[in-house]
Amino acid sequence: MQFDEIQALYDLPFFDLIQKSRKVHEAHWPENEVQLCTLLSIKTGGCSEDCSYCAQSARYSTSVEAERLMEKEEIMERAQLARENGSTRFCMGAAWKGVRDGTKRFDQVLDIVESVSELGMEVCTTLGELGPTEAEKLKEAGVTAYNHNIDTSPEHYKNIVSTHTFEDRLNTLRHVQDAGMSVCSGGILGLGEKTEDRLKMLEILSNFNPQPESVPINSLVPIPGTPLAEEQGVDSFEVVRMIAIARIAIPTAKVRLSAGRKQMSEELQTLCFFAGANSIFYGDKLLTTGNPQSEADLKLLEKLGLSPQKPNRDLSAPDAEESRPLEPALS
Ligand code: SAM
Ligand code: DTB
Ligand code: SF4
């Protein structure tokens, strides 16, 4: 979608916008299902990068201590538990700038992925930057989707991170696509950005070819000790608007209502599901911060007549459209 089309959606009266997004949602996702994804931080803290929202950057003094890569046995237990609890996707996150082929830690990750993928869930990893070889090896080991958020607009990204660039993020996403993994990419609301930055972020995501298979929409969880610790929360109606626009602009994506749900009322989450969100992180912890209790989430879905998404039989990445350029246009 072009920026002016996205802006026009944003300018609609609230009810007109969510009515439109609801129609798109019903056409593409008629099952009344919400995907449950379990997140596990397999390597926490001590990260070299300076992302100003992040509890895990070594540059800020937060309550998060640097830990070593978790043992494979423990990760397998958590993955099995996630499957038993109804998750269809298991996402493993690491606080690294990136991974490099030929290193011990990358070999360990490949070994972990191979075992987790045998459990039959969608396997997602988020390990930072990847080159083409790393992407191919992860795909071969069984990763189905790679999470790498663009987070905000290219213009605002410079105010948030200085140790890598927006272009670096796009390069990794290109390697993910070239290797045949699904792209999971979205962003964070509440980084001090303008509405224009949020809309540009959605414009860029919608112009990926193929479009992302999933789009996490995070609301900033302010972390004491980070530069964004005192940032004001995002207006609830703006969160719903962004979900609705994401649903319209990227109709086949799972739009994941991600970080920040613990701070949201059940009514706000319900409005987000109505507007087009169809995936959540499930389990009482995100990476380092809290998430609603699983029982509360299941109860809410039941109250709404929504059910947990059934396992996905087709784990292949979406195909590119031939008529569209492969590169997202950066204005
Ligand atoms: N190191 C890898 C990377 O940066 O891609 C993977 C882990 S990183 C923590 C994954 C994503 O979590 C970030 O891109 C960001 O969108 C989100 N995130 C991190 N801290 C957050 C916070 N305090 N509030 C909301 N979202 C956050
Ligand atoms: C994403 O977009 N959100 C998740 C996942 N991808 C890796 C991470 C949210 C992190 C929230 C802050 C924390 O727990 O440290
Ligand atoms: Fe490191 Fe990722 Fe946190 Fe940035 S967001 S500091 S790269 S863990």
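All ligand and atom numbering here is 1-based and tracks the order in the structure. Residues take their numbers from the sequence shown, with the count starting at 1.
For ligand 1, the atoms closer than 4.0 angstrom to any heavy atom of Leu287 are 9 (C). Of all the atoms in ligand 1, the ones that sit under 4.0 Å from a non-hydrogen atom of Ala259 are 25 (C), 26 (N). If you number the atoms of ligand 1 from 1 as listed, the ones under 4.0 Å from a heavy atom of Asp151 come out as 14 (O), 15 (C), 16 (O). In summary, the atoms of ligand 1 found under 4.0 Å from a heavy atom of Ala94, numbered by their order in the structure, are 1 (N), 2 (C), 6 (C). Below 4.0 Å from some heavy atom of Pro216 lie the following atoms of ligand 2, by number and element: 2 (O). Atoms of ligand 3 found under 4.0 Å from any heavy atom of Tyr53 (numbered from 1 in listed order, with element): 5 (S). Counting atoms of ligand 1 from 1 in the listed order, those under 4.0 Å from a heavy atom of Trp96 are 1 (N). The contact set between ligand 1 and Gly128, taken as ligand atoms under 4.0 Å from a residue heavy atom, comprises 2 (C). Close approach of ligand 2 to Thr288 (heavy-atom distance below 4.0 Å) involves ligand atoms 13 (C), 14 (O), 15 (O).
In terms of heavy-atom proximity, Tyr146 sits nearest to Gly128 at OH-O, 2.6 Å. Contact between Ala259 and Asn218 at its shortest, heavy atoms only, is N-OD1, 3.0 Å. Closest approach of Gln177 and Asn209 over heavy atoms only: OE1-O, 3.7 Å.
Residue side and main chain included, Cys47 places no N/O/S atom under 2.8 Å of atom 3 (Fe) of ligand 3.
Scanning the protein heavy atoms around atom 6 (N) of ligand 2, the nearest turns out to be Asn147 OD1, 3.3 Å. Counting protein heavy atoms only, atom 8 (C) of ligand 2 is closest to Leu287 CD1, 3.8 Å. Counting only heavy atoms of the protein, atom 13 (C) of ligand 1 lies nearest to Tyr53 OH, 3.7 Å. Given atom 4 (Fe) of ligand 3, the protein heavy atom at minimum distance is Cys51 SG, 2.3 Å. Looking at atom 26 (N) of ligand 1, its nearest protein heavy atom turns out to be Ile188 CD1, 3.6 Å. Of the protein's non-hydrogen atoms, Asn218 OD1, 2.9 Å is the one closest to atom 3 (N) of ligand 2. In terms of protein heavy-atom proximity, atom 5 (C) of ligand 2 is closest to Phe281 CZ, 3.7 Å. Nearest to atom 12 (O) of ligand 1 among the protein's heavy atoms is Asn149 ND2, 4.4 Å.
Contact check for Arg105 versus Trp96: side-chain heavy atoms found under the 4.5 Å cut-off. A heavy-atom distance below 4.5 Å is found between the side chains of Cys184 and Pro216. Looking only at side-chain heavy atoms (C-beta outward), Ser279 and Cys37 come within less than 4.5 Å of each other. Residues Asn85 and Thr38 form no side-chain contact, since every pair of their non-hydrogen atoms from C-beta on lies 4.5 Å or further apart.
Checking His156 against Asn159 by side-chain atom types alone, a donor-acceptor pair falls below 3.5 Å. With 3.5 Å as the limit, one finds a donor-acceptor pair spanning the side chains of Asp50 and Ser162.
The N/O atoms of Asn147, backbone and side chain alike, include none that comes under 3.5 Å of an N/O atom in ligand 1. Between Val221 and ligand 1, at least one N/O pair is under 3.5 Å apart.
Only the side chain of Ile223 comes within 4.0 Å of ligand 1, counting heavy atoms alone; its backbone N, CA, C and O stay farther away. Contacts with ligand 2 closer than 4.0 Å are made by no heavy atom of Val221, backbone or side chain. Neither the backbone nor the side chain of Pro216 has a heavy atom within less than 4.0 Å of ligand 1. Looking at Ala95 against ligand 3, both its backbone and its side chain come within 4.0 Å, counting heavy atoms. Heavy atoms from both the backbone and the side chain of Thr289 come within less than 4.0 Å of ligand 2. Only side-chain heavy atoms of Asn149 come within less than 4.0 Å of ligand 2; its backbone N, CA, C and O stay farther off.
Look at Glu193 and Arg198 and you find a salt bridge, because one of the NZ, NE, NH1 or NH2 atoms lies within 4.0 Å of a carboxylate O, short of that distance. Remark: Lys200 engages Glu196 in a salt bridge, criterion side-chain N to carboxylate O under 4.0 Å.
Figure legend: Arg83 and Phe90 shown without cation-pi pairing, the cationic atom not lying both under 6.0 angstrom from the six-membered ring centre and within 45 degrees of its axis. Annotation: cation-pi geometry satisfied between Arg241 and Tyr10 (NZ/CZ under 6.0 angstrom from ring centroid, within 45° of ring axis).
In this structure, atom 2 (Fe) of ligand 3 has its sub-4.0 angstrom surroundings free of protein heavy atoms.
Contact annotation: Arg169 has at least one heavy atom less than 4.0 Å from an atom of ligand 1. The closest approach between a heavy atom of Gly186 and any atom of ligand 1 is not below 4.0 Å.
Nearest to atom 7 (C) of ligand 1 by heavy-atom distance, out of Leu127, Thr126, Thr125, is Thr126.
Looking at Arg174, Arg169, Lys97, Arg100 one by one, the single match for salt bridge (Lys or Arg N to Asp or Glu O under 4.0 Å) with Glu129 turns out to be Lys97.
Using bins of under 30°, 30° to 60° and over 60° for the plane-to-plane angle, the ring pair His164/Tyr157 lands in the tilted bin.
Taking CD of Glu33 as the reference point, atom OG1 of Thr88 lies at 9.0 Å (rounded to 0.5 Å).
Environment of CZ in Phe14: crowded, with over 12 heavy atoms of neighbouring residues, nucleotides or ligands closer than 6.0 Å.
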